[in-house]
Structure formats: C-alpha cells, structure tokens
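Here is the naming used below: chain letters follow the sequence lines, and residue numbers restart at 1 for every chain. Computed over heavy atoms, backbone and side chain alike; hydrogens, waters and symmetry mates excluded.
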Amino acid sequence: TTRTPEFLGLSKAADLFPESDSASEVIVGVLDTGVWPESKSFADTGLGPIPSGWKGACESGTNFNSSNCNRKLIGARYFAKGYEATLGPIDETKESKSPRDDDGHGSHTASTAAGSVVEGASLFGYAEGTARGMATRARVAIYKVCWMGGCFSSDILAAMEKAVDDNVNVLSMSLGGGMSDYYRDSVAIGAFAAMEKGMLVSCSAGNAGPGPYSLSNVAPWITTVGAGTLDRDFPAYVRLGNGRNYSGVSLYKGSPLPGKVLPFVYAGNASNATNGNLCMMGTLIPEKVAGKIVLCDRGMNARVQKGAVVKAAGGVGMILANTAANGEELVADAHLLPATAVGQKSGDAIKGYFLSNPNPTVTILFEGTKVGIEPSPVVAAFSSRGPNSITPEILKPDLIAPGVNILAGWSGAVGPTGLVTDTRRVEFNIISGTSMSCPHVSGLAALLKAAHPDWSPAAIRSALMTTAYTEYKNKEKMQDIATGKASTPFDHGAGHVDPVSALNPGLVYDLTVEDYLGFLCALNYTEFQIRSLARRNFSCDASKKYSVTDLNYPSFSVNFDSITDGSSLVKYTRTLTNVGSPGTYKASITQQTPGVKISIQPGTLSFSQANEKKSYTVTFTGSSQPSNTFSFARLEWSDGKYTVGSPIAISWT
Amino acid sequence: AAPLEKKNQRKTYIVHMAKSEMPASFLHHTHWYDSSLKSVSDSAQMLYTYDNVIHGFSTQLTNEEAQQLESQAGILAVLPELRYELH
C-alpha cells in the first residue's frame with residue numbers, strides 16, 4: 001500500500017522493527033481469492049532461504065505451477081471441493097482452478113499484509129508512491145477458498161487445516177458470514193485450532209455498518225478488525241450551472257469532459273422503472289440520458305456498475321449520490337466514465353437544483369490525489385459495529401485499521417472495477433472494506449511476532465489493542481463518519497492501531513487455551529459443543545464458577561439489565577503480564593457519562609521483573625437506566641512511560 | 001415429483017466426530033469416518049477429512065441421511081455448509 005506506512009508511523013520507525021532474519025521467518029497465510037504471482041508485490045528480491053519450518057506447497061492448476069512461487073510467495077494452495085459439490089464443476093474458461101487470482105481481492109489483501117516494496121506504484125497516477133505491505137520481509141502463503149460463487153465453509157476449513165499443517169504464523173481472513181454460534185461457525189472453529197498452535201488469526205469485522213449488532217467474526221480468539229480512513233483523498237468536484245460547487249471523490253482517468261457545463265438529468269426522471277434512480281441494468285431511457293451527465297442514487301447494485309449503465313445508455317458522466325444508508329462517507333472508484341461520488345447532503349442539494357431549474361447543467365472537476373486530510377482517521381460508515389450479538393460481554397471489534405481507498409496489488413485478469421466490460425488492466429487498485437483493514441493488522445501482527453517470537457497470539461493482540469488510540473493529536477475524540485460525532489468503542493473497539501507503540505506495550509493481557517475453554521464453560525456449552533469446537537474431551541468443573549467476565553480480554557463490555565430496579569453490580573477480573581521494564585502502574589478511569597460507578601482494586605500494580613503477573617478487579621455499579629442506554633469509559637494503567645489502555649462499553653438492555 | 005426431489009436433494013455437511021470414541025476395531029480414524037458415512041449412504045463421498053481444525057469430514061448427504069448420521073454414536077455434530085463472503 002502507499003501512504004499507510006507513513007500514516008501508521010512505520011516509515012519513520014523502520015529501525016525499530018526487525019527487518020532481517022526474524023522478520024523473514026514469519027509466514028502470513030491469506031485465505032482469499034488467490035494470488036497474481038507476477039505482481040511486483042510478490043517479488044522475492046533480497047529474501048533469504050525459505051524458513052526451515054515451512055511445510056507448505058505450491059500447487060499447480062490452471063495457469064499456475066510451482067515455478068510461480070518464490071522466496072516471497074512461498075506457498076499457494078486452492079480448495080474447491082465444497083464449492084464444486086454445491087455449484088458444479090468450475091468453469092475454467094471463467095476462473096482458474098488453481099491458486100491464481102482472477103478477482104483481485106486476494107492479491108490486494110496479501111500484498112497489503114506482506115507485499116514487497118514497489119516503487120512508483122499508482123492507479124492511473126492516483127495514490128502514487130512506494131507501495132509496500134506492512135511486513136515487507138514476511139513470507140506469504142496463499143490459500144484460495146473464494147470463487148465466483150462465494151466461499152464455502154468446507155473449503156475454508158480445509159484451508160485452515162492445511163495452514164496449521166504448513167506452519168503459518170499469522171492467518172489473515174477478509175471474509176465472514178452471518179452470526180452463527182462459535183461451534184457452528186467454521187471460521188471460529190478453525191481459528192480455535194490455529195490459536196492453539198500459536199497462530200494469530202485476524203479477521204475482518206464486516207461491512208454491514210453503521211447499524212448496531214452488525215459484526216461478524218466475533219469469537220474472542222479471533223482478532224476482529226474494523227475500518228477507518230486515511231489522511232488521503234481523491235477530490236472530484238461537482239460544479240452546477242448555477243456556479244455552486246460540491247465535494248466528491250473519484251478515481252476516474254480517461255477522456256476528460258469538455259471544459260464546459262453539460263446537460264444534467266436525474267436518473268429517476270430518465271427511467272420508467274420504480275427504482276430508476278438507482279441506475280440498475282437496463283432501467284435508463286437512452287433518449288433521456290444521451291449526451292448528459294446523470295445523477296444516480298447509491299444502493300442495490302455496485303457503484304461502478306451504475307457508471308457502466310449510464311455509459312451504455314449514452315450518458316457522458318455520472319454523479320453518484322449517497323443516501324441515508326451511507327451518509328457522508330465517500331468511497332472512490334475507478335469508473336469507466338467521468339464520475340464522482342458525493343455525500344447525502346450534497347446529493348440532496350444537487351437534487352434541489354433539479355427542482356429549481358428547468359435546464360440543469362453540470363460538470364465534474366477532477367483534482368487528483370490530496371494528502372494531509374483532517375480529521376483522520378475517522379471510522380468508516382460501512383465498518384460493522386458492536387455490540388457483539390453472540391457474546392455481549394466481549395467487546396468487538398477489537399480495533400480499527402486503514403480500510404478506505406487502499407492501494408495495493410491487483411490481478412492481471414480483471415480491470416479495476418471488476419466489471420466484465422472493464423478491459424483495463426492495472427498493477428495496483430484502490431478499493432475499500434474491512435477486507436482491506438484486516439490484512440493491515442495481519443501484517444502488523446507479523447512484525448510484532450518477529451520482534452517478540454515468544455508472545456502468544458493473545459499477547460500480540462493485546463499489544464495492538466492497548467496501544468491503539470482514540471484521540472487525534474489535538475486531543476479531540478476520534479470521529480465516526482456515519483454520524484459526524486465522536487465514535488464509540490462499539491465502532492472502533494480499542495481504537496486505531498498504532499504499531500510503533502504496540503512494539504513496546506509495557507504490559508499485556510495474555511490468554512491460554514485453558515482460558516478459552518473456561519470461557520466456553522461460562523457460555524454453558526455442552527460437552528459435545530466443546531468437543532466439536534476444541535477437538536478434546538473437556539468437562540467443565542461443576543464445582544468451579546465460570547464467568548465470561550473473567551476472560552482476560554484487553555477490553556470491557558458490561559451489560560446491565562434495565563428492568564432491574566436500583567443499582568446492579570458486576571465484577572471483572574483481569575491479569576496483566578509485564579513485558580517491559582520494572583515499573584509501578586497506576587489505574588485511571590476516564591468516564592464519558594454518568595449512570596455507572598467504576599472502581600479498580602488494587603489501584604496500583606508494581607512489577608519488578610519480566611513476565612511477572614498481577615491481577616486486579618474492576619467493579620461496575622450501575623444505576624437503573626432505560627433499555628438501550630449506552631455509556632462508555634476508558635481504563636488506563638500507566639507508569640509514566642507506558643500506557644496500557646482498555647475501552648469500556650456499558651449497555652442497559 | 002417436487003417434494004421427492006427435495007427429499008433426495010443432497011447438501012454439503014461438515015461432520016464432527018468424537019475421535020476418542022473410535023472403536024478399537026478401526027486401525028485409522030479415516031476408516032472409521034468412512035464406515036460411519038457408508039452406514040447411512042452407499043454413494044456419498046468424502047470431500048475432505050479434517051484432523052487439525054476438527055476431527056471429522058465433509059460430505060454431501062440428504063437431509064434424512066444427515067439426521068441418521070447425527071444420531072449415531074461417536075458423532076458430535078452434523079452441521080450444514082455455510083457460505084461466506086468477502087468483505
């Protein structure tokens with residue numbers, strides 16, 4: 001990616017991270033649509049021999065053989081038996097029955113996590129710079145599990161089975177599905193086994209935001225990643241015939257519009273379809289749009305497809321207006337015709353112009369790439385939000401990372417829009433989603449693994465979470481683009497990842513397999529369910545009191561019953577492990593709203609040696625509040641040198 | 001004919017086995033898995049066998065066969081395939 005290394009502080013802190021032997025021993029496995037091995041992001045220049053513990057393979061298939069792997073791309077497998085059993089044989093004229101990526105998504109995520117350094121990267125000149133993955137020296141292993149018809153759980157499970165066998169260190173999975181209980185969810189099941197083997201599993205939180213309870217991949221042994229913006233934008237202004245300008249974004253590159261305003265029409269007025277405003281396939285009347293710029297509303301079909309529909313009907317340009325579902329979030333696309341995306345407010349104002357003007361005109365002014373946009377990051381509207389619908393006592397997402405307008409490697413088999421009609425081919429593409437934020441965290445986890453080979457997956461996640469930030473440099477709270485207001489832990493989890501701070505977190509909240517088994521007991525899982533999930537005979541101790549609130553998680557999610565009269569009291573126990581220098585840490589709470597009293601016992605913890613563990617208890621005393629009341633706070637332990645932060649989300653349901 | 005077709009329609013299931021309960025007569029767990037599968041369907045084939053992430057296998061079964069299999073000793077769960085999507 002370009003810009004994210006600078007945005008995350010990696011460029012300036014390069015000397016803090018191991019760049020040689022230990023970093024190149026780490027293997028990042030990516031379950032996705034495969035890989036385009038010819039991408040410069042997978043060049044192996046300067047990398048030494050493949051790690052001795054590697055047991056993977058480079059499988060052959062359509063347009064792919066073992067010579068496509070190298071010292072960067074050390075493994076590539078594909079899993080299609082489940083897919084073919086349901087949907088029939090793969091049509092090899094349409095997609096490669098091999099690890100080759102015909103979609104682009106897999107090459108994008110893999111290169112984001114661990115792509116090599118590529119100078120002069122850009123998409124049509126947009127986002128130009130030196131592209132690199134987060135862990136440039138880590139090795140990449142590709143497990144293709146997603147096909148044109150989707151990603152099937154039997155294939156995902158088979159890929160995770162192999163990734164465990166192959167000795168992958170970090171598993172990056174930018175996919176999800178539904179909200180199944182953990183023992184029914186193949187990703188959660190596979191991730192449990194991976195965690196047992198010391199692999200960190202990083203998953204995307206989902207793009208079902210900004211509504212609440214929209215998360216996927218919420219198992220506590222998974223690192224769940226939401227998405228935020230960068231400080232980069234691609235402005236393309238709308239200039240109406242009345243001289244008014246509105247901000248938009250675009251990645252269009254091609255024949256420019258004539259340097260004058262053009263006739264302008266609202267798609268809803270150029271269609272006989274009830275949903276004509278959405279520019280769905282075949283709904284525009286060519287006579288009404290020919291030679292005009294068309295305003296389409298966002299929703300239902302792909303954004304880039306709307307542009308293709310306008311173009312096919314003879315339109316010369318498109319303005320894509322957000323509706324309430326997306327608010328002011330602007331996602332840039334490499335449209336096939338001159339086009340820009342505007343927020344809901346601008347869209348409404350432009351629609352008002354149609355009403356007041358019988359002969360509306362407009363043009364679009366493309367401004368290229370701008371950096372230094374503030375505030376940034378802001379939580380992306382699409383990023384899925386808590387509370388956690390499976391286990392409300394575990395706060396998810398865990399954290400956010402860059403996921404909007406991310407440039408990374410792409411497939412040579414498909415154009416940047418992914419449309420069949422897009423015959424353009426690019427080395428890099430700019431796309432958005434929690435799919436893009438997840439591999440950022442996967443790559444950063446690989447860097448931490450290289451720096452601290454003995455840390456467990458939970459310790460690595462803890463370091464990433466407790467050092468994440470929720471305020472800008474000016475001390476203003478991080479914003480949510482969906483509301484324009486301060487984001488909450490249900491939106492950003494512990495905050496935005498800060499890899500430089502995560503390298504030395506001071507203290508970590510560690511977790512073992514036994515802790516997670518106790519968590520399953522606390523969920524009242526049956527013996528069968530535990531055996532299904534954890535592949536072992538494990539009986540919960542009937543004499544022991546298990547509590548979900550005692551899972552040593554780096555964040556707090558507290559639930560009070562709104563029906564209960566008077567005050568309620570809940571206790572959470574946590575244990576901190578010293579991974580820094582000796583120090584005395586003091587607890588502090590920042591509380592945003594009343595309604596709950598939070599006390600920490602003890603309020604001071606002293607650590608005199610490495611790996612020393614100290615426990616504390618947090619007591620939450622809540623007053624009676626109406627249902628669906630939420631309150632947020634933050635607990636910090638600090639010795640003046642290190643600050644170990646935990647978000648707190650309190651719900652009355 | 002439609003209900004009959006539906007009844008016989010095969011879907012993919014992931015079968016979780018209690019490996020520790022494998023009868024001593026089997027030399028290898030895959031033989032036990034295969035025998036369990038054959039006891040409910042002559043024609044069903046294993047898609048994958050799993051040992052690291054679960055103990056079990058995936059296969060295509062009718063709804064009736066899946067229910068029969070789930071009721072057998074040594075079977076922990078027979079879960080229908082789920083489709084996931086890229087984010």
Chi angles and distances behind the side-chain contact (heavy atoms from CB on, under 4.5 Å) call for B/Thr12, A/Tyr83:
CA-CA 9 Å; B/Thr12 303; A/Tyr83 177 79; over 6 Å; no
Run the side-chain hydrogen bond (donor to acceptor under 3.5 Å, both in side chains) test on B/Ser20 and A/Arg531 for me, step by step, so that the C-alpha distance in whole Å, both residues' side-chain angles and the decisive distance to 0.1 Å come before the verdict.
CA-CA 10 Å; B/Ser20 59; A/Arg531 286 169 79 182; 3.3 Å; yes
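Contact of B/His87 with chain A is made through backbone and side chain together, with heavy-atom distances under 4.5 Å. In this structure, the portions of B/Ile54 lying under 4.5 Å from any heavy atom of chain A include both its backbone and its side chain. Using a 4.5 Å cut-off between heavy atoms, B/Glu85 contacts chain A through both its backbone and its side chain. Contacts of A/Ser384 with chain B are absent, with no heavy-atom separation under 4.5 Å from either backbone or side chain. For B/Leu47, the parts sitting under 4.5 Å from any heavy atom of chain A are the backbone and the side chain alike. For A/Ser216, the part lying near chain B is the side chain, with the backbone staying farther off; criterion is any non-hydrogen pair under 4.5 Å. Residue contact with chain B, scored on non-hydrogen atoms closer than 4.5 Å, is absent for A/Leu31. With a 4.5 angstrom heavy-atom cutoff, A/Ala159 does not touch chain B via any of its atoms. Contacts of A/Phe79 with chain B are made by both backbone and side-chain atoms, with heavy-atom separations under 4.5 Å. In this structure, the portions of A/Thr86 lying under 4.5 Å from any heavy atom of chain B include both its backbone and its side chain.
In this structure, B/Ser58 and A/Leu157 have side chains that are not in contact, with every pair of non-hydrogen atoms separated by 4.5 Å or more. Looking only at side-chain heavy atoms (C-beta outward), B/Leu82 and A/Asp185 stay at 4.5 Å or farther from each other.
Each of A/Gly190, A/Gly433, A/Gly206, A/Gly150 has some count of heavy-atom pairs under 4.5 Å with chain B, and the biggest count is that of A/Gly206.
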